[in-house]
Chemist: 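Here it is: the structure, laid out below.
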Amino acid sequence: MSDKIAYSRHGDIAVLTVQNPPVNALSQAVRQGLWDGMDRAEADDGVKAVLIVGEGRAFFAGADITEFGKPPMEPYLPVLINRIEASPLLVVASMHGVSLGGGLEVALGCHYRIAVPSARVGLPEVHLGLIPGAGGTQRMPRLTGVEAALDVMTTGRQIKADEAAKLGLIDEVRDGDPKQNGIDYTQSLLDAGAPRRPVSEMETPAAIDWDGAFETILSRGRGQISPAWCVRAVQAGVEKPFAEGLAAERKIFMDLMETDQRQGMIHAFFSERAVGNLPELKGVEPRALQHIGVIGGGTMGAGIATSALLSGFQVTLLEMTPEAGEAARKRIAGNLSGALKRGKISQDKHDAILNNILSVVTNYEALSDVDLVIEAVFEEMSVKKTVFAELDRVCKKGAILASNTSYLDVNEIAASTSRPEDVIGLHFFSPAHVMKLLEIVVADKTAPDVVATGFELGKRMSKISVRAGVCDGFIGNRILSTYRTAADHMILDGASPYEIDKALEAFGFAMGPFAVADLAGLDIGWAVRKRKRAEGIDPAARDSSYADKLCEDGHFGQKTGKGYYDYSAGAKARVPNPDVMPLIEAERAQQGISPREFTAEEIVRRYMAAMVNESAKVVGEGIARRPLDVDMTLLFGYGFPRYRGGPLKWADIVGLPELLADMQEYRKEDPHFWQIAPLLEQLVAEGKTFDDLNKAAAA
Ligand code: 3HC
Ligand code: NAI
C-alpha cells in the first residue's frame with residue numbers, strides 16, 4: 001500500500017486514513033493507496049464496512065492540480081470512485097475541513113456521509129476552467145435535484161455542512177473528532193443493518209430547459225465556457241443511463257482540459273499563491289501591527305480604514321477639519337452598513353467598531369502610538385511632503401509610514417523624512433474595502449522588515465499583494481497608461497470609444513476602458529495629463545485634447561451623470577453621450593486625420609499588444625519581479641479576465657513571435673509609441689516564454 005493511506009481495523013470497520021499534506025490532494029499515489037486499501041478491506045476477514053477519513057486540514061482538496069496538463073496516470077479518479085461505490089462493503093466518508101472537487105466526488109461515491117459542522121464542500125472545478133470530472137455532475141443531481149446541483153457547480157461556491165445536509169449531500173452533521181465520529185456513525189449503520197446505498201443507482205432527477213440554462217449560464221460567464229458545459233454534462237446524466245452520462249462528463253472534462261481557458265485559470269490559481277513568495281522576505285519577521293493610522297478620509301482613506309477595521313485593526317483617521325472628519329466617518333459608516341447587510345459582521349461588531357475601535361481626529365499627536373500609518377490625501381507632492389513631515393515628527397520609532405499615492409515618487413516622499421527606511425508605498429484600489437489588489441511599492445531605502453509588514457498587512461486584509469518598484473504609476477497604472485494611450489490613438493484614427501469598449505468587453509474585461517474611466521472619474525486622467533504636460537511632453541508623441549474638453553464642460557463620468565456615456569437612466573443603463581463623437585470628429589479634422597474602420601479583432605490586438613509591451617518593460621526593468629506579478633496585478637486590480645490568466649500568460653498562449661511581429665508592423669506607423677521592450681525581443685530570440693521566467697524565479 002502507498003504511504004499516503006494508513007490502514008487500520010476498528011472491530012468490523014476498516015479505516016482508510018489519507019495522509020497527503022497539506023490538503024490531501026488526490027495524487028496518483030493517493031488514488032492507488034485508496035484502491036489498494038479497498039482491496040485489502042474486502043479481503044480482510046470480518047470487515048463489514050470501510051471508513052474513509054482525511055488527516056490534517058481537509059478530507060480532500062480535490063484532484064492534484066499539479067498533475068493537470070500531463071498524461072493522465074492510472075488509476076483514474078472516476079474509475080476509482082466507481083470501484084469504491086461498487087464495493088460489497090458498506091462505505092462511509094467522514095468529512096472535515098474542505099471536500100472539494102474530486103474530494104467531494106469521492107464522498108459521493110461512498111454510501112453514507114457524515115461531517116463536522118465546520119466542514120465545507122463544493123465543486124470548484126469551474127474556477128480552473130473545468131467541470132467536475134469524476135462523477136460529480138452525475139451523482140450530485142441525483143441527491144439534490146438539477147437546479148441546486150447546477151447552482152453549486154456553476155458558481156463553484158463552498159457550502160457549509162448544515163446547508164449541504166439540507167441539500168441532501170451529507171447524511172449527518174456531528175461535532176467531534178472526524179475519525180471517531182466516522183467510526184461511531186459507521187458502527188451505528190452496521191448495527192441498524194443499513195443497506196449499501198450507491199448514488200448511481202438512485203432515481204434520475206427531473207429535466208429542466210437545458211438549452212435555456214446553457215445560454216443563461218454562458219452569457220453570465222463573460223466568455224468563460226466551463227460553467228455552461230456543466231449543464232450539458234448534467235443533461236447527459238438525466239437523459240442517459242449512468243455509465244453513458246459518466247462517459248459524456250469525462251469527454252467534456254477532457255476537452256476542457258485542452259483549452260486555453262484551463263491553462264489561464266490554473267496559471268491564476270498558482271500565481272495568486274506564488275505572488276507573495278519573495279526570496280528576500282524568507283526569514284524576515286514583520287513588525288507588530290495592531291493600530292493603524294489613516295490620513296485623509298476621502299474615497300480611498302475611508303475605504304482603507306473600512307478594510308482595516310473589518311480585518312480587526314484599531315484605526316485612527318486624521319482629517320483636516322472636524323467637518324471633513326464627520327464626512328469621513330459617514331463614508332466609513334456607509335461601508336460598514338453594507339458589510340452588515342451582506343452578513344460579513346454582526347450588529348454588535350458593527351456598533352463596537354463605530355463607537356470604540358474607530359477614532360476620527362484632526363490633531364497629529366493622536367497618531368503617536370500607531371504601528372503603521374497610510375496617507376491618502378490629495379495627489380500632490382507638496383501636500384504629501386507636508387503630511388510626511390508631520391508624521392515624522394509625531395510617530396513613534398519603528399512606525400511604518402506608508403503612502404497610497406497612485407503615481408508619485410515614493411523615493412522623493414521617503415527622502416523628505418528623517419527615516420526613509422520606514423517609508424513604503426501601499427497602493428490600494430478603489431473601493432479599497434472591496435478590491436483585492438494591493439501594490440506594495442518598495443523604495444530604494446525601504447527596510448526588508450517594512451516590506452514584510454506590508455505583505456503581512458495585505459494578508460490580514462485578505463488582499464492579493466504584489467511587490468512593485470518605484471516608477472510613474474508602479475506596475476498597474478503604468479501599464480494602464482500605455483494601453484489607454486493605444487486606445488486613444490485608435491480613437492484618433494477612426495474607432496469610437498463604444499466600439500473599443502464593446503470589443504474589450506467581448507474579450508472578457510469586466511468593463512471597457514472608457515466605461516472604467518467614467519467610473520473612476522475623468523478628472524483623475526485630466527489631472528495626470530495636466531501634470532505630464534507641465535513636465536513637458538515629447539513633441540514626437542501623439543496627443544489629443546477632446547477628453548479635456550469633456551472635463552472642461554464639467555463631465556467627469558458617473559459622478560456627474562455624464563462622461564463618455566450618459567447615466568441619466570442609471571449607472572447600468574449606460575448610453576453613449578451624444579456630445580462625445582462631435583468632439584472626437586473635430587479633433588480628427590483639426591489633426592488632418594481621415595478616419596478608418598477598425599474591426600473588433602484589430603482593436604483587441606492593438607490594445608493587448610500595447611499592454612504586453614509595457615508589461616514586458618515593467619518586468620525587464622525589475623519594477624515587477626516576475627511576469628506573474630504583472631498578471632496578478634491586472635487580474636485583481638484592472639478587471640482582466642481570469643480565464644485568460646493575465647496579459648503575459650495570454651501573450652505566451654498567443655505566441656510571442658506573432659505578437660512581436662504585430663508590434664513591428666505598428667511601429668512603422670508610430671515609432672515613438674511602439675518602442676519594443678528589449679525583454680520581449682530577447683525572449684523571442686531565445687525561443688522562450690514569460691512562463692519560463694516564472695519557473696526560473698521559482699527554482
Ligand atoms: N492540488 C494540488 N495542490 C493543491 C490543491 C490541489 N487540489 N489545493 C491546494 N493545493 C496546494 C496549494 O497550491 C498550496 O501550495 P503551496 O503551499 O505550495 O503554495 C497548498 O496546497 C495550500 O493551499 P492554500 O495556500 O490555498 O491553502 P488554504 O488553506 O488557503 O486553501 C484550499 C486550501 C481551500 C484547499 C485551496 O487551496 C483550494 O481551493 N484548492 C483548490 C481546490 C480545487 O479546486 N479542487 C478541485 C480540483 S479539480 C478536480 O478535483 C477535478 C475532479 O473533478 C476530477
Ligand atoms: P479624495 O479627494 O477623495 O480624498 C482626499 C482626502 O484627503 C479629502 O477628504 C481631504 O479632506 C483629505 N486631505 C487632504 N489634505 C489633507 C491633509 N493635509 N491632512 C488630512 N487630510 C487631508 O481623494 P482619493 O481619491 O481618496 O485619493 C487619495 C489618494 O489616493 C491620492 O493620492 C490618490 O492618487 C490615491 N488613490 C486614489 C484612487 C482612486 O481611485 N480614487 C486609487 C488609488 C490611489
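Read the numbers this way: they start at 1 and go in the same order the structure lists the ligands and their atoms. No hydrogens, no waters, no symmetry mates; every other heavy atom, side chains included, goes into these values. A quick note: this is a predicted structure, and the numbers were derived from the prediction, not measured.
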Chemist: Tell me whether atom 15 (N) of ligand 2 lies less than 4.0 Å from at least one protein heavy-atom position.
Modeler: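 Given the 4.0 Å cut-off, atom 15 (N) of ligand 2 counts as touching protein heavy atoms.
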Chemist: Heavy atoms only: which of A63, A134, G62, A698 is nearest to atom 6 (C) of ligand 1?
Modeler: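 The residue whose heavy atom sits nearest atom 6 (C) of ligand 1 is A63.
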Chemist: Within the structure, does M300 bring an N/O atom to less than 3.5 angstrom of an N/O atom in ligand 2?
Modeler: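 Yes, there is a polar N/O contact under 3.5 Å.
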Chemist: Between D260 and Y643, is any side-chain donor less than 3.5 angstrom from a side-chain acceptor?
Modeler: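 No, because no side-chain N or O of D260 sits under 3.5 Å from a partner of the opposite role on Y643.
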Chemist: In residues 116-135, what donor-acceptor pairs under 3.5 Å come from side-chain atoms, sequence neighbours left out?
Modeler:
residue: R120; atom: NH1; partner: Q158; partner atom: OE1; Å: 2.3
residue: H127; atom: NE2; partner: T155; partner atom: O; Å: 3.1

Chemist: Tell me which protein heavy atom sits closest to atom 26 (O) of ligand 1, plus the residue, atom name and distance to 0.1 Å.
Modeler: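 Sorting protein heavy atoms by distance from atom 26 (O) of ligand 1 puts R273 NE, 2.7 Å first.
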Chemist: For ligand 1, is any non-hydrogen atom under 4.0 Å from E105's backbone (N, CA, C, O), its side chain (CB onward), both, or neither?
Modeler: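 For E105, the contact with ligand 1 is made by the side chain alone.
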Chemist: Any non-hydrogen atom of E67 lying under 4.0 Å from ligand 1?
Modeler: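 Distance cut 4.0 Å: E67 fails for ligand 1.
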Chemist: Does either side chain, that of T306 or that of N335, offer a donor lying less than 3.5 Å from an acceptor on the other one?
Modeler: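 Note: T306 and N335 side chains meet the donor-acceptor criterion.
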Chemist: Taking the six-membered ring of F269 (Phe, Tyr or Trp), confirm whether the NZ or CZ of R273 is under 6.0 Å from its centre and within 45° of its axis.
Modeler: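 R273 over F269 ring: yes.
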Chemist: Is it the case that S200 and E85 place a side-chain donor and acceptor less than 3.5 Å from each other?
Modeler: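 Result is yes, a qualifying pair exists.
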Chemist: Throw together a table of side-chain donor-acceptor distances under 3.5 angstrom for residues 454-462, partners on residues two or more places apart or in other chains.
Modeler:
residue: R460; atom: NH1; partner: L289; partner atom: O; Å: 3.3
residue: R460; atom: NH2; partner: L289; partner atom: O; Å: 3.3

Chemist: Could you list the atoms of ligand 1 found under 4.0 angstrom from a heavy atom of R57?
Modeler: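 With R57 as reference, the close atoms of ligand 1 come out as 27 (O), 28 (P), 29 (O).
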Chemist: Can you tell me which residue among E74, E105, E67 is in a salt bridge (Lys or Arg N to Asp or Glu O under 4.0 Å) with R31?
Modeler: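 One option only clears the test, and that one is E67.
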Chemist: Does atom 49 (C) of ligand 1 have any protein heavy atom closer than 4.0 Å?
Modeler: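 It does; a protein heavy atom is within 4.0 Å.
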Chemist: Looking only at non-hydrogen atoms, which of I266, N20, D64, V98 approaches atom 2 (C) of ligand 1 most closely?
Modeler: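 Heavy atom nearest to atom 2 (C) of ligand 1 belongs to D64.
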Chemist: Should one rank A25, A61, P21, A274 by closest heavy-atom distance to atom 46 (C) of ligand 1, which comes out on top?
Modeler: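 Among A25, A61, P21, A274, the closest heavy atom to atom 46 (C) of ligand 1 comes from A61.
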Chemist: Does ligand 1 have any atom that is closer than 4.0 Å to a heavy atom of G136?
Modeler: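 No, G136 has no heavy atoms under 4.0 Å from ligand 1.
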Chemist: Distance check, rounded to the nearest 0.5 Å: E412 atom CD versus K385 atom NZ?
Modeler: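 If I round to the nearest 0.5 Å, the distance is 3.5 Å.
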Chemist: Between Y76 and ligand 1, find which residue part has any heavy-atom pair under 4.0 Å and reply side chain, backbone, both or neither.
Modeler: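 No part of Y76 is near ligand 1 at this cut-off.
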Chemist: Considering only the protein, which heavy-atom contact is closest to atom 11 (C) of ligand 1, and what is its distance?
Modeler: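 Of every protein heavy atom, V23 CG2, 4.3 Å lies nearest to atom 11 (C) of ligand 1.
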Chemist: Any idea which part of L26 is under 4.0 Å from ligand 1, heavy-atom wise: side chain, backbone, both or neither?
Modeler: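 No part of L26 comes within reach of ligand 1.
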Chemist: Under 4.0 Å between a Lys/Arg side-chain N and an Asp/Glu carboxylate O for R157 and E163?
Modeler: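 The answer is yes: the pair qualifies as a salt bridge.
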Chemist: Counting only nitrogen or oxygen atoms and a 3.5 angstrom limit, does S406 reach ligand 2?
Modeler: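 N/O-N/O distance under 3.5 Å: yes.
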Chemist: Give me the residue, atom name and distance of the protein heavy atom closest to atom 20 (C) of ligand 1.
Modeler: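 For atom 20 (C) of ligand 1, the nearest protein heavy atom is P22 CG, 3.6 Å.
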Chemist: Nearest to atom 39 (O) of ligand 1, what protein heavy atom do you find, and at what distance?
Modeler: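 Atom 39 (O) of ligand 1 sits closest to the protein heavy atom L100 CD1, 3.9 Å.
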Chemist: Judging by distance only, is a nitrogen or oxygen of R331 under 3.5 angstrom from one on ligand 2?
Modeler: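 No - when backbone and side-chain N and O of R331 are compared with those of ligand 2, no distance drops under 3.5 Å.
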Chemist: I'd like to know if the side chain of D631 pairs up with that of H267 as donor and acceptor (distance under 3.5 Å, no hydrogens or angles considered).
Modeler: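 H267 and D631 do have a side-chain donor-acceptor pair below 3.5 Å.
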Chemist: Yes or no: does E375 have any heavy atom under 4.0 Å from an atom of ligand 2?
Modeler: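 It does not; every heavy atom stays at 4.0 Å or beyond.
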Chemist: Return yes when F429 approaches ligand 2 closer than 4.0 angstrom through a heavy atom, no otherwise.
Modeler: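 F429: no contact with ligand 2 (<4.0 Å).
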Chemist: I need the contact type for T386 against ligand 2. Using non-hydrogen atoms and a strict under-4.0 Å cut-off, is it side chain, backbone, both or neither?
Modeler: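 Looking at T386 and ligand 2, no heavy atom falls under 4.0 Å.
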Chemist: Using a plain distance cutoff, I'd like to know if T299 has any nitrogen or oxygen under 3.5 Å from a nitrogen or oxygen of ligand 2.
Modeler: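 Between T299 and ligand 2, an N or O pair is found under 3.5 Å apart.
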Chemist: In plain terms, say whether R626 and D691 are close enough for a salt bridge, that is, a side-chain N and a carboxylate O under 4.0 Å apart.
Modeler: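 Looking at R626 and D691, the cut-off is not met.
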Chemist: Just heavy atoms, cut-off under 4.0 Å: does I65 contact ligand 1 by side chain, backbone, both, or neither?
Modeler: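 Both of them.
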Chemist: Identify which of N404, T321, V377 has a heavy atom lying nearest to atom 28 (C) of ligand 2.
Modeler: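 Ranked by closest heavy atom to atom 28 (C) of ligand 2, first place is V377.
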Chemist: Establish, from distance only, whether the side-chain atoms of S226 and Q224 form a donor-acceptor pair under 3.5 Å.
Modeler: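 The criterion, which ignores hydrogens and geometry beyond distance, is satisfied for Q224 and S226.
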Chemist: Does atom 18 (O) of ligand 1 have any protein heavy atom closer than 4.0 Å?
Modeler: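 Protein heavy atoms within 4.0 Å of atom 18 (O) of ligand 1 - there are none.
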Chemist: Within the structure, is a non-hydrogen atom of A376 found at a distance of less than 4.0 Å from ligand 2?
Modeler: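 In this structure, A376 qualifies as a contact of ligand 2 - some heavy atom is under 4.0 Å.
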